[in-house]
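Residue numbering restarts at 1 for every chain, and letters A, B, ... go by the order of the sequence lines.
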Amino acid sequence: MARTATMRPTTYDFDAVEQKWQRRWEEQDLYRVAEDPSKPKYYCLEMFPYPSGKLHMGHVRNYSIGDVVARYKRMRGFNVLHPMGWDAFGLPAENAAIQHNIHPSPWTWDNIDNMRRQLKRLGISYDWSREVASCHPDYYRWTQWLFLQFFKAGLAYKKRSPVNWCPNCATVLANEQVVQGRCERCDTPVTTRELEQWFFRITQYADRLLEDLDNLPGWPEKVKIMQRNWIGKSHGVEIRFPIKGMDEVLPVFTTRADTIYGATYMVVAPEHPLVPRLIADSPDRAAIERFIEDVRRQDEIARTAEEGEKLGMFTGSYCVNPFTGEDIPIWIGNYVLMGYGTGAIMAVPAHDQRDLDFARRYGLPVRVVIAPKDGPMPDAATMTEAFVDDGIMVNSGPYDGLANREGLERIADEVERRGIGQRRVQYRLRDWLISRQRYWGCPIPIVYCGQCGIVPVPEDQLPVLLPEDVAFKPTGQSPLVEKEEFVNTTCPHCGGAARRETDTMDTFVDSSWYFLRFCDPHNKNEAFARDKVDYWMPVDQYIGGVEHAILHLMYARFFQMVLADLGLVTAERPFERLLTQGMVLKDGAKMSKSKGNTVDPDAIVRKYGADTARLFILFAAPPERDLEWSDAGVEGAYRFLNRVWRLVGDLVEELGPLPAGQAAPGQDAAAEDLRRMVHRTVQRVTQDIEERFHFNTAISAIMELVNAFYLYKESGGPRDRAVVAEGLEKLVLLLAPFAPHLAEELWEMLGRSGSVHEQPWPAYDPEAVQADTVEIVVQVNGRVRDRLWVARDASEEEVRAAALAMPKVQEHIGGRPVARVVVVPGRLVNVVVAG
RNA sequence: GCCGGAGUGGCGGAAAGGCAGACGCGGGCGACUUAAAAUCGCCUGGGCAAUCCCGUGCGGGUUCGAGUCCCGCCUCCGGCACCA
């Protein structure tokens, strides 16, 4: 249009705009919050990052999603806590120390500085005054304090336990550091060693952690299922088999007590404590011991190789099947795990595939004791697939003919009546091993005294500081071990010479309570004040990657439960709602340095600005789905923002200052159409955010509104100032959570004062959303044949009559009798004819 | 092997039993321009055209009506993986 300005550029200076508003937010402390009992609170949290040095697109996505939620809830009148911090202990810092000869501490803090700068440049609405870093003594002091509370409650204990050991690096490896049974650093095959390790007694909470999943309707079903499987509760029977010629019993755990008549041999784990006595009289003792040593060494490789071979040896001992009275041989097998059940099983090859494989390899007898309800009886001599379904009991003495599930209960009853065992529940979940033979972690606050034994460091002596002046040598050993000033100490109890624990804690411990520290981050006297935590907790919306579905999310739930039991917090559950975002892909694969398909957020922000980067990521896919990166798509988001900027600029320039507030119905049809579109868009965007977190469709609705606005503007017809003013105001408010900088700029262009992020979320008028007439689809036999415009409140009869009167409808009816007419008010008519 | 999730235009994706493909990308055409870019419009699943027909991984079913619900498969992605 000639009368719209001609001198204005077609793109806005995103760099100037974004920096201007970021500066203003910071000056005004816009996102700083404090407890305010007069307002409803909302705690929005994204998983805090490990400070690797640079943000990747997964981070940008995570924090963009969280920022939409935080900004939206703020506009909805909530007192929103939206903090950020650093999961700053961990192995990469130590690897960098060894490789680049730089101490983990400055390496980490430099990384934090850079990532903080990146986050600020993205304009995420964090309350930066609450920033925490788990590697700071002000933080880990309280991690240590929490450890002591666990210790006092009997939930932290020490025991000997097998660990992954790299003989080349001479150190312990975490499970994650073992790749295909080899050391991730030097590729040496990993072996097993026994070490004294600290554990948290999470198994004591197994049942509650399981049950409480039912109280988390706001969590994805997928995550809850993964946790259920991880906890792995199963009901079974422990049965003690007398060992022949020994005053000793062999307890086994089985979920299939109904198959006990088919038990033809026993298998114990190589580490089973009875093994030395079982093999004492065997002529093959030396060979067996060699075999056990082999299994132990190959354990990790065999376990990670697909379908590890089942190997074993006969111990020379027998036990007695308490139901058949038969002698059955006891074997040692690599497929029986010491850590589950009793470390021993009764093998029923006919009804368990693993037992069958083992039996076939070593020629052990197979006996079918469950017959299929229909279909042929498996042939014990030739079967290669175990029959594991339910059926009818056979070859089972007095239990023959019973349904096996019924028989299972009867046999369990009999076991208990005879006092040779009892029903029990078994979990797959193990206690949480928290000891790490690492430097860059939270020191475990324990000293060992020759006189007093294990002595916790008194709370008033915390923190146990991590010494900074240590040398990193590529020995793989924690430098703490050789740091005499650290190791040598005095016993807090008797004052005698003592040694410090040199292990540090698993970093998952640090991240199991950070959401509590965010509630009270500067507290010098406590980990957190009860009233502050009780005001903010639980986290209303937690957002992060699905890779934390099991460990982090389970450990955090465990911590919160324990702390509630200890009376330190009120909320029993840390995270009310959970959103697991999808991955960011490029060319169909996850972005990774090794694949060379990464996109640098800094480069995108430099080229297009933060608003564009955020808008693209939110628009390209719904949050839970994987997102395919597209440079052209980013370009599209950039174009859209410029389009909005031009729209607002042109109309303001054309019409001058615009009045605030709600518009009356439009002065003509075009204005009324636009007004309806404005209100419909407010309704759609609100529903998409509120009910489904479908930000992609929310943004597409805003795009449609902008398109409608352009049609109105370009038509050159008369302007309805009130409708335009209201429309632009609502448009800018709707855009605020998605493109926070541009929204501020446009708000200012509209001549409005105050931050757009402090305005209330726009409302829609339900009357304005409704059109007077609606289009009805007319179908004949389910196929669309025509359309029909009727009054909004037309009766079913009127619609039916109007539809039947249409020529095209009559044509397709073709004189056949009308069997039925389905009328869906406001939507469609379906005329059903025979044939 | 077990447990999840997903298969829709050239691409990312819409559609919570009711017009399949909203919105965006890509492509085409037009306006503006000396020209190009930018911008503003219009068109864009396939069948050469159609008012007709076909189309949401495959095969069945329920329904007036199915991308959506049910049964049986196939493919891809993710998690667990000798848990007795």
Side-chain angles (χ1 to χ4, degrees), chain A residues 1 9-11 220-223 225-226 228-230 232 234 236 252-256 259 267 302-304 306-310 333-337 339-348 351-355 357-358 426-430 546-547 549-550 582-583 585 588-590 616 619-622 624-637 639-640 642-643 646 691-692 694 696-704 706-707 710-711 713-714 775-787 808 811-812 819-824 826-833:
Chain A
M1 289 289 101
T10 54
T11 58
E221 208 52 46
K222 171 195 172 83
V223 171
I225 289 168
M226 282 164 79
R228 273 187 203 107
N229 293 342
W230 190 258
S234 57
V252 302
F253 175 77
T254 178
T255 56
R256 291 296 303 274
T259 62
V267 189
R303 198 147 299 173
T304 46
E306 81 268 32
E307 286 306 308
E309 269 188 301
K310 289 167 185 58
N334 64 349
Y335 72 105
V336 173
L337 309 171
Y340 185 83
T342 61
I345 62 159
M346 65 176 204
V348 186
H351 304 290
D352 182 286
Q353 190 60 45
R354 294 156 301 181
D355 295 342
D357 293 345
F358 192 82
Q426 174 71 37
Y427 298 94
R428 215 187 73 111
L429 183 73
R430 315 283 167 87
V546 72
E547 65 273 19
I550 298 176
M583 293 184 296
L585 311 176
K590 185 179 180 171
F616 164 71
F619 176 65
E624 347 38 83
R625 291 251 293 254
D626 287 351
L627 182 154
E628 177 70 29
W629 183 267
S630 152
D631 291 332
V634 179
E635 198 85 41
R639 275 205 292 263
F640 169 70
N642 279 302
R643 194 167 148 87
R646 284 191 301 271
E691 292 165 22
R692 308 195 298 168
H694 277 198
N696 58 329
T697 51
I699 292 167
S700 71
I702 299 173
M703 287 173 168
E704 287 181 69
V706 170
N707 291 345
Y710 264 90
L711 284 183
K713 170 174 170 285
E714 297 291 319
E775 192 183 32
I776 303 284
V777 168
V778 182
Q779 300 179 327
V780 177
N781 280 350
R783 316 191 69 127
V784 181
R785 297 302 181 186
D786 211 342
R787 279 136 219 281
K808 269 189 206 156
E811 193 185 309
H812 282 98
R820 194 174 158 190
V821 181
V822 180
V823 180
V824 182
R827 301 201 85 130
L828 67 59
V829 176
N830 188 14
V831 180
V832 185
V833 297

Checklist outcome for this item: For nucleotides 29-35 of chain B, 5' to 3', base contacts (B), sugar-phosphate-only contacts (S) and non-contacts (-) with protein non-hydrogen atoms under 4.0 Å give -------
Checklist entry - How does protein reach along nucleotides 12-26 of chain B, written 5' to 3' as B (base within reach of a heavy atom under 4.0 Å), S (only sugar-phosphate), or - (no contact)? => result BSSSB-BB--BBSSS
Distance between the [atom1] atoms of [N] and [M], in whole angstroms?
N	M	atom1	result
C23(B)	G46(B)	C1'	22 Å
A16(B)	U68(B)	P	13 Å
C25(B)	G9(B)	C1'	13 Å
G41(B)	G45(B)	C1'	23 Å

Between [N] ([atom2]) and [X] ([atom1]): distance, integer Å:
X	N	atom1	atom2	answer
Met226(A)	C80(B)	CE	P	6 Å
Lys590(A)	G79(B)	NZ	C1'	13 Å
Arg646(A)	C40(B)	CZ	C1'	9 Å
Glu624(A)	G78(B)	CD	P	18 Å
Tyr710(A)	G41(B)	OH	C1'	12 Å
Tyr335(A)	A81(B)	OH	C1'	17 Å
Asn781(A)	A66(B)	CG	P	11 Å
Phe358(A)	A84(B)	CZ	P	18 Å

Next on the checklist: Which nucleotide wins on minimum distance to the side chain of Ile550(A), given the candidates A84(B), C80(B), G41(B)?
Outcome noted: C80(B)
Checklist entry - For Asp786(A), which residues count as a salt bridge (charged side-chain N to carboxylate O under 4.0 Å, His left out) partner, sequence neighbours excluded? => result none
Next on the checklist: Just to be sure I follow the notation: if a pair is Watson-Crick (purine N1 to pyrimidine N3 plus N6-O4 or O6-N4) or a G-U wobble (N1-O2 and O6-N3), each under 3.5 Å, what dot-bracket string does RNA chain B give, with | for pairs to another strand?
Outcome noted: (((((((..(((.....[....)))((((((.......))))))(((....)))..(((((..]....))))))))))))....
Checklist entry - So what does His812(A) hit on the nucleic acid, given a heavy-atom distance under 4.0 Å: a base, only sugar-phosphate, or nothing? => result sugar-phosphate
Item to check | Whichever of Arg820(A) and Asp352(A) has its nearest RNA chain B nucleotide further upstream toward 5' | outcome: Arg820(A)
Checklist entry - Hey, is CZ on Arg827(A) packed in by over 12 heavy atoms from elsewhere, all under 6.0 Å? => result no
Just the table, please: protein N/O against nucleotides 2-5 of chain B N/O, every pair under 3.5 Å.
none

Checklist entry - According to the interplanar angle, ranging from 0 to 90°, do the rings of Phe358(A) and Tyr335(A) count as parallel (below 30°), tilted (30 to 60°) or perpendicular (above 60°)? => result tilted
Next on the checklist: Test your reading of the model: is there a side-chain donor-acceptor pair from Asp352(A) to the backbone of Ala347(A), 3.5 Å cut-off?
Outcome noted: no
Item to check | Glu309(A) backbone acceptor or donor facing Asn334(A) side chain under 3.5 Å | outcome: yes
Next on the checklist: Run the ring-ring contact (aromatic ring centres under 6.0 Å, His included) test against Trp230(A) and tell me which residues pass, sequence neighbours left out.
Outcome noted: none
Checklist entry - Since syn is defined as within 90° of 0, does G9(B) count as syn or as anti? => result syn
Item to check | Residues Arg820(A) and Asn830(A): side-chain donor-acceptor under 3.5 angstrom | outcome: no
